[in-house]
Protein chains: 2
Amino acid sequence: MSLDHNELIQATLCINANFRAVCRQLTQFYNGFLEPTGLQNTQFTMLVTIALMKWGTIMQLAENLQMDQTTLTRGVERLRQQGWVESVPDKEDRRVKHIVLTEAGEKLLKEAFPLWQQAQLAVQDALGAEDAEILLRLLDKVTQVAHED
Amino acid sequence: MSLDHNELIQATLCINANFRAVCRQLTQFYNGFLEPTGLQNTQFTMLVTIALMKWGTIMQLAENLQMDQTTLTRGVERLRQQGWVESVPDKEDRRVKHIVLTEAGEKLLKEAFPLWQQAQLAVQDALGAEDAEILLRLLDKVTQVAHED
DNA sequence: TATTTTTATATGTATATACATGTAAATGAG
DNA sequence: CTCATTTACATGTATATACATATAAAAATA
């Protein structure tokens, strides 16, 4: 025996699947705006976080971005290969590396910001201030859920 | 000159970045429940869609799931290698392949459904009926936005 | 009918992502 | 101080994802 039609329909309402679908569209939307810089939105976000932390480690970046450490290690390595960030070994703890923006990285961020902003404003405008706020609240709430269990 | 602090903070409010972060958590949550089946949530969703379409092509699956065709081609190939789906060449149009569940695939879906449901109910309960509905509405709205421009 | 165009799927390549595990360094227990 | 444990980062491996492009077959057009 296999699943009946109702169950299949139910499964198409999967919150995660719907989230992922929206995420794919949204990512392509943002990436389209960032295209002139050669950055993906993910990389833009990493650079912004690195800029804000100024002297952050891989672990701290992973914590901040809620990503796996191994994902960050490789993501940062790509940024490094492009010359946008630099990895500075800690003097006291030889395991630790601090990630900092290079000048090229700062220049790139400066260039990317208004492009990112266009995408962000387009989404915010279309949603409306109210819904945008509700959305962020719900995103937060969903994160809580996924972390409880 | 580089970005000032306010701009960096602004960029951390990136709707796409926040979406992606939630998506990562949510995916891990659902995958945790599905773990005994060896399925990822994405694969579960593909199988469900294949089951519903009964005789769908790669193109139709891509359309339904709002995924790139090339992503589907490879995803389906993995399902095929596991023996969960089968690819049947169309009689009239030799370019076309129809993807159908195998018996093993149906059995797996039957087994996976209640596990998926646990994850889904956990998220729905935690959100509450009202917020769950609002969330789905907003997800829809975001998709519209990303498609307009 | 011969040629061009479109369509369906596949491949090359690259990023994003995480889990399991490895490695080296620091820390803690004895 | 020595050995076990923890910590920080890296690597192996696998899926998810998409863009550019290839390929073959169908459809349209000259």
Side-chain angles (χ1 to χ4, degrees), chain A residues 16-17 19-32 34-35 37-47 56-63 65-82 84 87-99 146, chain B residues 16-17 19-32 34-35 37-47 56-63 65-82 84 87-99 146:
Chain A
N16 188 40
F19 245 92
R20 291 176 72 91
V22 173
C23 224
R24 286 193 297 271
Q25 314 303 314
L26 206 51
T27 296
Q28 286 173 59
F29 184 73
Y30 277 75
N31 283 350
L34 286 174
E35 201 254 345
T37 64
L39 279 175
Q40 308 272 124
N41 194 142
T42 302
Q43 300 179 315
F44 174 76
T45 302
M46 283 196 282
L47 289 177
T57 68
I58 299 274
M59 287 303 282
Q60 290 169 340
L61 284 169
E63 175 72 23
L65 293 168
Q66 301 175 81
M67 279 185 189
D68 192 274
Q69 166 259 309
T70 64
T71 303
L72 251 295
T73 291
R74 288 179 229 239
V76 166
E77 173 59 16
R78 277 189 287 269
L79 299 180
R80 203 191 56 72
Q81 278 168 12
Q82 298 290 329
W84 297 326
S87 164
V88 183
D90 188 277
K91 292 291 181 189
E92 326 223 299
D93 188 334
R94 274 181 298 172
R95 292 169 304 179
V96 175
K97 291 157 84 172
H98 299 276
I99 313 299
Chain B
N16 187 39
F19 245 92
R20 291 176 71 91
V22 174
C23 226
R24 286 192 297 270
Q25 313 304 314
L26 206 52
T27 296
Q28 287 173 59
F29 184 74
Y30 276 76
N31 283 351
L34 287 173
E35 200 253 345
T37 64
L39 279 175
Q40 310 270 125
N41 195 143
T42 302
Q43 300 179 314
F44 175 76
T45 302
M46 283 196 281
L47 288 176
T57 68
I58 299 274
M59 287 303 281
Q60 291 169 340
L61 284 170
E63 175 73 22
L65 293 168
Q66 301 174 81
M67 279 185 189
D68 192 274
Q69 165 261 309
T70 64
T71 303
L72 251 295
T73 291
R74 290 179 227 238
V76 167
E77 174 59 15
R78 278 189 287 269
L79 298 180
R80 202 191 57 69
Q81 278 168 11
Q82 298 289 329
W84 297 326
S87 165
V88 183
D90 189 278
K91 293 289 181 191
E92 326 223 299
D93 189 335
R94 274 181 298 171
R95 292 170 303 179
V96 175
K97 292 158 84 171
H98 300 277
I99 313 299

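A, B, ... follow the sequence lines: proteins, then strands. Residue 1 opens every chain. Just so it is clear, the values below take in all heavy atoms, side chains as well, and ignore hydrogens, waters and symmetry mates.
- A:E77 and A:R74 are not joined by a salt bridge, as no carboxylate oxygen comes within less than 4.0 angstrom of a charged side-chain nitrogen.
- Side chain to side chain, A:T27 and A:N41 fail the donor-acceptor criterion of an N or O pair below 3.5 Å.
- Using a 4.5 Å heavy-atom threshold, the side chains of B:T37 and B:F44 count as separate.
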- Item | A:T42/A:M67 under side-chain contact (heavy atoms from CB on, under 4.5 Å): CA gap, chis, key distance, verdict | CA-CA 11 Å; A:T42 302; A:M67 279 185 189; 4.1 Å; yes
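- Straight-line distance from the CG atom of A:D90 to the P atom of C:dA25: 14 Å, rounded to whole Å.
- B:E35 comes within 4.0 angstrom of no nucleic acid atom, judged by non-hydrogen atoms across all strands.
- Within the 4.5 Å cutoff, side-chain heavy atoms of B:H98 are placed close to those of B:T57.
- Residue contacts shown for B:T27 are absent, as no nucleic acid heavy atom lies under 4.0 Å away.
- The separation between A:R94 atom CZ and C:dA24 atom P is 12 Å, rounded to whole Å.
- Distance, A:L72 CG to D:dA8 P: 14 Å, rounded to whole Å.
- When side chains are defined from C-beta on, A:L65 does not count as touching A:T71, because their heavy atoms never get closer than 4.5 Å.
- Listed by chain and residue number, B:D93 satisfy the side-chain hydrogen bond (donor to acceptor under 3.5 Å, both in side chains) test with B:R95 (two or more places apart in sequence, or in another chain).
- Atom CD of A:E92 and atom C1' of D:dT7 are 16 Å apart (whole Å).
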- Nucleotide-resolved protein contact map, nucleotides 11-20 of chain C, B/S/- at heavy-atom distance under 4.0 Å: BBB-SSBBBB
Pull out every protein N or O sitting under 3.5 Å from an N or O of nucleotides 3-7 of chain C, one pair per line with the distance.
unit_1: C:dT7; atom_1: O2; unit_2: B:R95; atom_2: NH1; d: 2.5

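- Within a 6.0 Å sphere centred on CD of B:Q66, other residues, nucleotides and ligands contribute more than 12 heavy atoms.
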